[in-house]
Amino acid sequence: MRQLILLFLLSVPVIAQKSFFVKDRSTNEPIPYTAVFTDNGNFKRNAEPDGSFIIPSEILDEVFVFDAVGYELKKQLLTDIVFLEPKSEVLDEIVIVPSLGSKEVKVGRIRKMIPFSGYSYGMAATRDNQAVWSFGRMFPYYKEYDETPFIKKATFLLKSKDKKSTYGIKIYEADENGKPNQLLHDNVITGVAEKGLKKSQIDLSELNIRFPKNGIVIVFEWLTIQDNLVEDTNNNEIRLKYNPTFEAEEIKNPNEALVKLSAAQTEWQTTMEANIIFNESKSYTLMCELTLTN
């Protein structure tokens with residue numbers, strides 16, 4: 001029987017923490033959901049919608065990395081306000097072609113599975129064996145996609161405990177090895193997971209993203225913000241975790257199931273290479289359905 005895998009991280013004390021802000025240098029506006037993590041990748045938080053984030057006092061002297069879509073990556077010691085610079089480089093030239101929307105095809109599938117099996121993001125009671133996880137699903141390109149080249153929607157099966165939650169995704173063009181290469185958008189993409197086990201759909205039509213010839217990688221991102229934090233009981237032990245949990249499915253090609261073990265890690269691995277698997281002979285990845293249109 002396949003079991004739900006919980007991925008546990010460090011605990012954060014209720015006291016002895018300090019608040020900071022991350023803002024756009026040119027506008028002084030907050031940058032919500034910025035990924036804030038230590039240079040070694042052992043600690044990661046996301047900025048709240050108002051740009052604030054809290055760091056435990058015990059790691060205040062560490063070097064932090066600040067990563068936000070549309071901004072230059074920044075590495076520095078903490079200051080009360082961290083300013084990020086908008087990216088000076090732009091995406092490759094995009095030719096806008098009117099979308100007809102008269103034809104749609106589905107790539108991937110969504111199906112409820114019992115018992116529920118998937119990955120979640122939590123905080124354990126110790127600082128041992130810390131890890132920060134990102135999961136990616138690679139979709140290869142096929143010639144027939146030329147008839148419906150635009151990505152209209154992305155749909156996931158998610159479980160959000162006790163309340164609805166917010167999550168993020170990133171969409172990359174795959175490189176020659178099927179790993180994330182160029183980011184195909186310059187703004188944050190978020191979705192809402194309703195309470196319980198339900199489908200969650202993100203409308204991508206306004207981004208005019210064409211399905212790349214090298215294939216595409218959809219990366220699921222947990223947003224470690226206060227509104228997503230819930231209690232979870234495991235073997236009579238109360239733990240904290242972040243909503244939502246995503247449903248995973250078996251995939252025939254293990255190279256299409258990707259994972260990064262740390263926010264500081266630059267290389268992606270397959271879940272088999274990283275030993276993040278339900279079964280030694282099988283590979284599981286993010287359950288995701290893409291809707292393509294013309």
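Excluded from the calculations below are hydrogen atoms, water molecules and symmetry mates; all remaining heavy atoms, backbone and side chain alike, are included.
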*Start with the C-alpha gap between Trp268 and Val219, add the side-chain angles, then the distance that decides, and say whether side chain to side chain contact (heavy atoms under 4.5 Å, CB included) holds.*
CA-CA 11 Å; Trp268 286 81; Val219 172; 3.8 Å; yes

_Stepwise side chain to side chain contact (heavy atoms under 4.5 Å, CB included) check, Phe150 with Arg210_ = CA-CA 5 Å; Phe150 295 100; Arg210 281 178 170 265; 4.0 Å; yes

*Stepwise, does the side chain to side chain contact (heavy atoms under 4.5 Å, CB included) test hold for Val230 with Leu240?*
CA-CA 6 Å; Val230 292; Leu240 297 177; over 6 Å; no

*For salt bridge (Lys or Arg N to Asp or Glu O under 4.0 Å), just list the numbers for Arg137 and Glu249, CA-CA rounded to whole Å, side-chain angles, deciding distance to a tenth of an Å, and then say yes or no.*
CA-CA 11 Å; Arg137 168 77 178 267; Glu249 67 173 338; 3.1 Å; yes

*So Ile189 and Lys170, side chain to side chain contact (heavy atoms under 4.5 Å, CB included) or not? Walk me through it.*
CA-CA 7 Å; Ile189 302 176; Lys170 289 181 179 178; over 6 Å; no

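Between Lys213 and Phe211, the closest side-chain pair of non-hydrogen atoms is not below 4.5 Å. Between Met138 and Asn255 there is no side-chain heavy-atom pair separated by less than 4.5 Å. Put simply, the side chain of Asn294 does not reach to within 4.5 Å of the side chain of Glu147, judged on heavy atoms. Between Tyr167 and Phe156 the shortest side-chain heavy-atom distance falls below 4.5 Å. Residues Asn228 and Gln226 form no side-chain contact, since every pair of their non-hydrogen atoms from C-beta on lies 4.5 Å or further apart. Between Leu207 and Asn187, the closest side-chain pair of non-hydrogen atoms falls below 4.5 Å. Within the 4.5 Å cutoff, no side-chain heavy atoms of Tyr284 are placed close to those of Thr271. Looking only at side-chain heavy atoms (C-beta outward), Ile110 and Met287 come within less than 4.5 Å of each other.
Between the side chains of Lys152 and Thr148, no donor-acceptor pair of N or O atoms lies under 3.5 Å. For the residue pair Asn214/Tyr172, the side-chain donor-acceptor check at 3.5 Å is not satisfied. Looking at Tyr33 and Thr166, their side chains never bring a donor and an acceptor atom within 3.5 Å of each other. For Asn46 and Thr224, the side-chain atoms include at least one donor-acceptor pair closer than 3.5 Å.
In this structure, Arg45 is not positioned above the aromatic face of Phe37 in the sense of NZ or CZ being under 6.0 Å from the six-membered ring centre and within 45° of the axis.
Of all heavy-atom pairs spanning Val217 and Gly136, the tightest one is CG1-CA, 4.3 Å. Between Pro49 and Pro32, the closest heavy-atom pair is O-CB, 3.5 Å. The shortest heavy-atom contact between Lys75 and Val63 is CG-CG1, 3.4 Å. Shortest non-hydrogen contact noted between His185 and Val69 is O-CG1, 4.0 Å. Of all heavy-atom pairs spanning Pro254 and Ser283, the tightest one is CA-OG, 3.8 Å. Across Ala274 and Val259, no two heavy atoms sit closer than the pair CB-CG1, 3.6 Å.
Using a 4.0 Å cut-off between a side-chain N of Lys or Arg and a carboxylate O of Asp or Glu, Glu289 and Lys199 do not qualify as a salt bridge.
With hydrogens and angles ignored, the 3.5 Å screen pairs a side-chain donor or acceptor of Lys163 with a backbone N or O of Asp227. Formation of a donor-acceptor pair under 3.5 Å by the Gln265 side chain with backbone atoms of Leu261 is found in this model. Asp50 contributes a side-chain N or O that, together with a main-chain N or O of Ser52, makes up a donor-acceptor pair within less than 3.5 Å.
Interatomic distance, Ile209 CD1 to Leu292 CG, rounded to the nearest 0.5 Å: 11.5 Å. Residue Leu73 holds its CG atom at 13.0 Å from CD of Glu85, rounded to the nearest 0.5 Å. The distance from atom NZ of Lys260 to atom CZ of Phe135, rounded to the nearest 0.5 Å, is 12.5 Å. Rounded to the nearest 0.5 angstrom, Leu84 CG and Asp24 CG are separated by 8.0 Å. The structure places CD of Glu72 at 11.0 Å from NZ of Lys74, a figure rounded to the nearest 0.5 Å. To the nearest 0.5 Å, atom CG of residue Asn243 and atom CG of residue Leu229 are 9.0 Å apart.
Neither Phe21 nor Phe43 shares a network with the other; the hydrophobic side chains, linked directly or stepwise wherever heavy atoms of I, L, V, M, F, W or Y lie under 4.5 Å apart, form separate groups for each. Phe83 and Phe66 fall into different hydrophobic clusters, where Ile, Leu, Val, Met, Phe, Trp and Tyr are joined by side-chain heavy atoms under 4.5 Å apart, directly or via other members. Both Tyr71 and Leu78 are assigned to one and the same hydrophobic cluster, defined by single-linkage of ILVMFWY side chains at heavy-atom distances under 4.5 Å. Connection of Ile251 to Leu157 is not established within any shared hydrophobic cluster, with ILVMFWY side chains joined at heavy-atom distances below 4.5 Å, either directly or through further cluster members. When hydrophobic clusters are built by joining Ile, Leu, Val, Met, Phe, Trp and Tyr residues whose side-chain heavy atoms come closer than 4.5 Å, directly or via intermediates, Val105 is grouped together with Tyr142.
Residue Glu267 places its CD atom among 12 or fewer non-hydrogen atoms of other residues, nucleotides or ligands, all under 6.0 Å distant. In this structure, Lys153 places its NZ atom where more than 12 heavy-atom neighbours from other residues, nucleotides or ligands lie under 6.0 Å away.
For the ring-ring contact (aromatic ring centres under 6.0 Å, His included) with Tyr119, the lone residue among Trp222, Phe220, Phe246 that qualifies is Phe246. Each of Ile202, Leu258, Ile171 was checked for a side chain to side chain contact (heavy atoms under 4.5 Å, CB included) with Ile218, and the lone residue meeting it is Ile171.
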